[in-house]
Amino acid sequence: MKNTIAERIYDFLKNFPPFDVLEKDQLFKIASNVKVTYIEKDNFVFKQDENPHEYFYVVKDGAIGLYRSMDHEQILVDICDEGDIFGLRPLIQNDLYLMSAKANEESILYAVSVEILKEIIETNDKVKKFLIASFSSNIKTPYAKGTNGQLFANIEMLQTSNTSFMEIQSAEFSKKPITTLKTSTIKEAAQIMSEKRVGSILIVENRNPIGIITDKDLRSKIATGLVSIDESVTAIMSSPVKTFKQKITVAEAQIAMIKNKITHLCITKDGTNKTELIGVMSEHDIVVLHGNNPSLLIKKAYRAKDVNALKFIREKASDLLQGYIEQDIPITFISKIISEINEAITIKTIELSLEEMDKKPPVKFGWIALGSQGRKEQLLMTDQDNALVFEDVSLEKYQPTKQYFLQLSKKITEKLNVIGFEYCPADMMANNPKWCLSLTEWKNQFDTWIKSPTEDAIMMCTIFFDYDLVYGEKKLVNAMSDSIYESIKSFEIFLNFLGRNALRNPPPIGFFRQFLVENDGAHKDQFDLKSRALMPLVDAARLLTLSHNIKDKNNTVSRYKKLMKIEPKNQDLYLSCIDSFNILLQFRTQQGLKNNDSGRYVDLNNLNKFEKLKLKGCFKPIRDVQELLNIRYNLAQMM
Amino acid sequence: MIRFFKKKQTPKYWDDHIYKVRNSKKYANFENIRFVALDTETTGFDYENDRILCIGAVAIKNNKILVSDSIEIYVKQDVFNKETVKIHGIRKDGNETKFSEEEAIIKFIDYLDDAVIVAHHTAFDINMINMALKRLKIGPIESKQLDTNYIHKKIAKTDTYKKIFSLEELCEIYNVKMHDRHTALGDALITAYLFLKQTAKYKKNNALNLLDLINTNYNLIK
C-alpha cells in the first residue's frame with residue numbers, strides 16, 4: 001500500500017551515510033518502520049550510563065548535543081544536526097550509553113529499530129565498514145561530515161594502525177589491582193610489590209581505596225632514609241587518591257594524569273573514593289597502547305638535555321596533532337594536550353638558558369606567553385610572542401638587572417627559534433627592551449595604553465591582555481592583572497574603544513551570503529580565517545570578560561564558559577560561540593596541516609560545498625555576538 | 001459478543017468497534033494510549049452531498065509517531081466535485097488502489113481499533129465519517145476524540161476563545177514544517193507533529209492524562 005510518510009522519510013535518509021549505500025528495498029524497510037519523536041529543548045533523549053534503547057536516532061530537525069560528564073562537569077563532545085546518527089554504538093555493542101544526548105534546540109528525531117539495521121549489516125559490507133569507522137572514532141565533530149569520503153578512507157588507516165584511534169576508546173586498565181591494608185608496614189608492601197612485579201600498590205579500607213604507594217615513593221622517601229621501612233604504609237602513601245569511573249577514555253585518562261601530575265588513576269565502582277576499588281590504570285598502560293603519547297612527550301621534554309631533543313619532541317607533537325585531527329578527536333582535547341606540550345618545551349628551554357647564564361637571576365621574574373599561545377589556542381607552529389616581567393629594583397640596580405634579563409631572553413628566544421617557533425616579525429618578544437620590563441614599568445605601560453587608547457595602544461592591549469605565565473613568579477603576573485583592572489575601572493570608556501576594535505574585523509560574508517575574500521596582496525582571493533572568523537570571537541570574549549572583571553580566564557572557550565554562568569540569559573549565544581570557535585580552530589588546524597602553513601588563509605576553491613556550509617554556519621554566532629557588543633557599548637554612535 | 005440487547009443486526013466489525021472502545025483498559029495510562037492522527041480529503045464541505053476521497057492516518061504511542069502503523073485509504077467515487085481536485089489532487093480515476101466506501105470504512109474501523117482520534121477540526125472529519133457510517137446503517141463512531149485546535153486554546157495564554165486556528169497557523173506557532181499539504185496522510189502527519197509538540201508543552205504544567213486532554217475538547221464532549 002502507498003505510504004506517503006515512509007516515502008518522505010526514505011527521501012530524507014537517502015542523503016546521509018550510511019543510508020546512502022543501502023539497497024532501495026532495505027532503506028524503504030527502515031523508513032517504513034521509523035518512529036518519529038519530538039524532544040523539547042534541554043530535554044534528554046538518553047543519559048550517560050543508561051541502558052540502551054531499542055532504537056538509534058537520526059536527527060531530522062534541530063540539534064542534539066552529546067555530553068560526557070567528567071569531574072562533575074558536562075563536556076560537550078559533539079553536536080548532531082540534520083542527518084546525523086547518534087546512540088548507535090551501545091546498541092550494537094550491548095553497552096551502556098557513554099554520553100548523554102540533550103536537545104540543544106527543539107528537535108525531531110527518527111528512531112530506527114536496531115534489529116532491522118542488524119539484519120542489513122549482515123548483508124551489506126559497506127554499511128558495516130561505515131559503522132566500524134564511525135565507532136572507532138566514536139564521536140564525530142561537525143567536521144567529520146565535511147569530508148564524507150574520508151570516513152571510508154579512515155578504515156584503511158584503522159586497519160594499518162590498531163592503536164592510533166585509541167584515544168577515545170574506553171581505556172584498558174588492570175582489573176586486579178595489587179592492594180594492602182593500612183596496617184601493613186612499608187616493608188611488607190614493598191615485598192608484595194616485588195613479588196607481584198608491580199610499580200604501585202593501593203592501600204584499601206573496606207575495599208575502598210584510601211592511598212597509593214608507587215616505586216617513586218619508595219625511591220624518594222625510603223631509599224633516602226627519610227622514613228623507616230618498619231613504619232606503616234600510611235606514612236608515605238599519597239592520599240587521597242584520584243578516582244575515576246570505569247568508562248574513562250584514554251584521552252580523558254591522559255588529561256587527568258597531566259593535570260594532576262600523577263601516574264596512576266584508581267578506577268572505582270562509581271568514580272568516587274567512597275566505593276569499591278575495581279582497577280588501577282597506570283601511565284604505563286597507556287604507553288603500551290601507543291608509543292607516541294602526549295604524557296610521554298611531556299615527560300621527555302622535562303628530561304631533555306639540549307635544544308635538539310626539544311626540537312624532536314616538538315616535531316613528534318606535530319605528528320600527534322596530525323593524527324588527532326585525522327581522527328576527529330574533539331579540538332578541546334587536542335588544544336589542551338598540545339598546549340601542555342608547548343608549555344613543557346618552553347619551560348625546559350628557559351631552564352636550559354638559565355643554566356647557561358653566569359649567575360642566578362638577580363631578582364624574581366616571570367616569563368609570559370602572549371596572544372594565541374597565552375590563550376593556549378596555538379596548535380600549529382606559529383611565531384613566538386612573549387614578554388618578561390621582573391621584580392622592581394632600586395634605580396642603581398635597574399640597568400644591570402635589565403641587561404641580565406635581556407641576555408636571558410635572547411638565549412630563550414634563540415632556542416625557541418631553533419626548536420621551530422619562529423621569531424615574531426613585529427618583534428613582540430622578551431629580548432626586545434620594550435617588552436622586558438620591571439613590574440612598575442609594566443603597570444605604567446598598561447595604564448598608558450588604557451588611558452590613551454590610540455589604535456596602536458588598543459592593538460597592543462589585544463595581544464598583551466591574553467597572557468599566560470609559563471615560568472617564574474606568579475605574584476608578578478597577578479600584580480599586573482590587578483593593575484590592568486584598576487586602570488580600566490578609572491577609565492571605563494576604554495572598554496568602548498576595545499569594543500570598537502573588536503567590531504573592526506572585516507565581516508566574513510557579504511550581503512548575498514557570499515564569502516568575502518581578500519582584495520589584494522599576497523593572499524588575494526583567499527579567505528582570511530583568522531581575522532574574519534576567529535579573531536572576532538576571541539576579541540569579543542576578551543572584552544566581555546574584562547567588563548565583568550574576571551581574572552585568570554585567558555582562554556577563549558573558558559572565557560565564554562564563564563560568561564555563560566555570569567549572563568545566563570545569553571547562555572545560548574555564548575555556547576554557540578564556543579562551538580563556532582572550536583570548529584573554526586579545528587578547521588584552521590586542518591588547513592594548516594594540509595598546506596603546511598599557519599592555516600590562516602583558505603583558498604575557497606579547494607573547499608567542498610559541505611565545508612563551505614559548515615563555515616557559514618559558524619558565522620551566525622559571530623554576527624550575533626558582535627551585535628551584542630554593538631548594543632552593549634553603544635558602538636554605533638562611536639563609529 | 002454481547003448483542004442480545006441490540007434491536008437490529010449490525011455487522012461484526014461495528015460490534016467489535018463498540019466493544020473495543022468501551023472495554024479498552026489502555027486509557028488510564030498516557031504511555032499506553034494509542035492515538036491515531038487522522039485527516040480526510042473530501043469532495044467538498046457538504047455533509048449530505050460530498051464524499052470522502054481519502055482517509056490518511058498515523059498512530060502515536062508514548063510520544064512516538066509510528067510510521068509502520070499508518071494507513072492511506074482511497075475511496076472510489078460516485079459523487080465527484082471537480083472544483084476540489086485542484087486542492088487534493090485526487091482525480092476521479094487516478095491510479096491509486098481504490099476501495100468502495102464500505103470496504104474503506106471496514107478497513108478504517110479495523111485499523112482504528114481502540115485508539116483515541118486526534119485531528120484538526122476533528123468535527124468535520126468525524127461528521128464525514130459518521131455520514132458514511134449512516135449510509136451503512138451504523139454509527140456514529142464511538143472513539144474518543146481530540147482536536148489540535150482546542151488543545152492549543154487550552155495551552156495558549158491569551159484569550160483565544162472565539163478564534164479558530166487553521167492548520168497553517170498552528171504550524172507557524174509550533175514550528176512544524178508543512179510537507180505534503182492536502183494529502184490525507186500528509187496532513188495527518190502534520191497533525192501528529194502538532195500533537196507531539198502540544199502534549200510536550202501541556203505536560204509541563206499538568207500531569208498528562210486523557211481526561212484532561214479530552215476536556216480541552218469542549219465542542220466534542222458527548
Side-chain angles (χ1 to χ4, degrees), chain A residues 1-15 19 25-46 53-63 81-83 87 102-117 119, chain B residues 37 39 41 54-74 88-90 94-99 104 107-108 111 171 173-204:
Chain A
M1 197 189 294
K2 191 171 152 63
N3 186 334
T4 317
I5 302 176
E7 282 167 22
R8 285 299 162 265
I9 293 173
Y10 173 93
D11 287 340
F12 174 81
L13 291 177
K14 74 175 191 315
N15 298 318
F19 305 109
D25 55 327
Q26 290 176 328
L27 183 53
F28 199 78
K29 188 169 175 196
I30 286 185
S32 27
N33 283 286
V34 154
K35 298 186 177 178
V36 187
T37 183
Y38 166 72
I39 300 284
E40 274 197 298
K41 184 173 186 303
D42 294 333
N43 282 13
F44 284 90
V45 185
F46 51 74
H53 301 172
E54 294 158 54
Y55 330 97
F56 65 95
Y57 298 91
V58 185
V59 182
K60 165 65 171 62
D61 285 315
D81 57 15
E82 199 181 292
K102 191 174 88 176
N104 285 2
E105 49 190 84
E106 62 164 0
S107 304
I108 287 171
L109 307 175
Y110 288 161
V112 181
S113 146
V114 74
E115 292 310 317
I116 299 177
L117 189 77
E119 277 170 36
Chain B
D39 185 58
E41 295 300 322
C54 178
I55 304 173
V58 60
I60 304 158
K61 200 169 179 180
N62 195 11
N63 297 316
K64 289 194 174 63
I65 302 173
L66 313 178
V67 178
S68 56
D69 190 1
S70 64
I71 196 168
E72 207 165 7
I73 314 164
Y74 291 86
H88 49 67
I90 302 169
N95 48 13
E96 301 88 2
T97 317
K98 291 203 173 100
F99 300 95
K107 268 185 182 303
F108 174 69
Y111 165 82
C171 283
I173 292 167
Y174 288 93
N175 188 23
V176 171
K177 284 183 189 157
M178 287 179 284
H179 290 297
D180 302 304
R181 278 276 6 232
H182 301 303
T183 67
L185 194 52
D187 280 356
L189 180 64
I190 291 170
T191 308
Y193 275 130
L194 279 175
F195 182 68
L196 281 189
K197 294 196 172 192
Q198 287 180 330
T199 45
K201 279 214 163 60
Y202 199 66
K203 204 161 27 180
K204 274 187 189 157

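Order of the sequence lines sets the chain letters (A, B, ...), proteins ahead of strands, with each chain counted from 1.
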Identify the heavy atoms of [X] and [Y] that sit nearest to each other, and give their distance.
| X | Y | result |
| --- | --- | --- |
| B:Asn63 | A:Thr37 | O-OG1, 3.2 Å |
| B:Lys64 | A:Ala111 | CE-CB, 4.3 Å |
| B:Ser68 | A:Asn33 | CB-OD1, 3.5 Å |

What part of B:Lys61 lies closer than 4.5 angstrom to a heavy atom of chain A: side chain, backbone, both or neither? neither
Chain A heavy atoms under 4.5 Å from B:Tyr174: which part of the residue, side chain, backbone, both or neither? backbone
Interface moiety of [X] toward chain B, non-hydrogen atoms closer than 4.5 Å:
| X | result |
| --- | --- |
| A:Ile9 | side chain |
| A:Ile108 | side chain |
| A:Asp61 | side chain |

Please report the interatomic distance [atom1]([X]) to [atom2]([Y]), rounded to the nearest 0.5 Å.
| X | Y | atom1 | atom2 | value |
| --- | --- | --- | --- | --- |
| B:Ile65 | A:Ile5 | CD1 | CD1 | 7.5 Å |
| A:Glu105 | B:Asn175 | CD | CG | 9.5 Å |
| A:Glu106 | B:Leu196 | CD | CG | 11.5 Å |

Less than 4.5 Å apart, any side-chain heavy atom of A:Val36 and any of B:Tyr193? yes
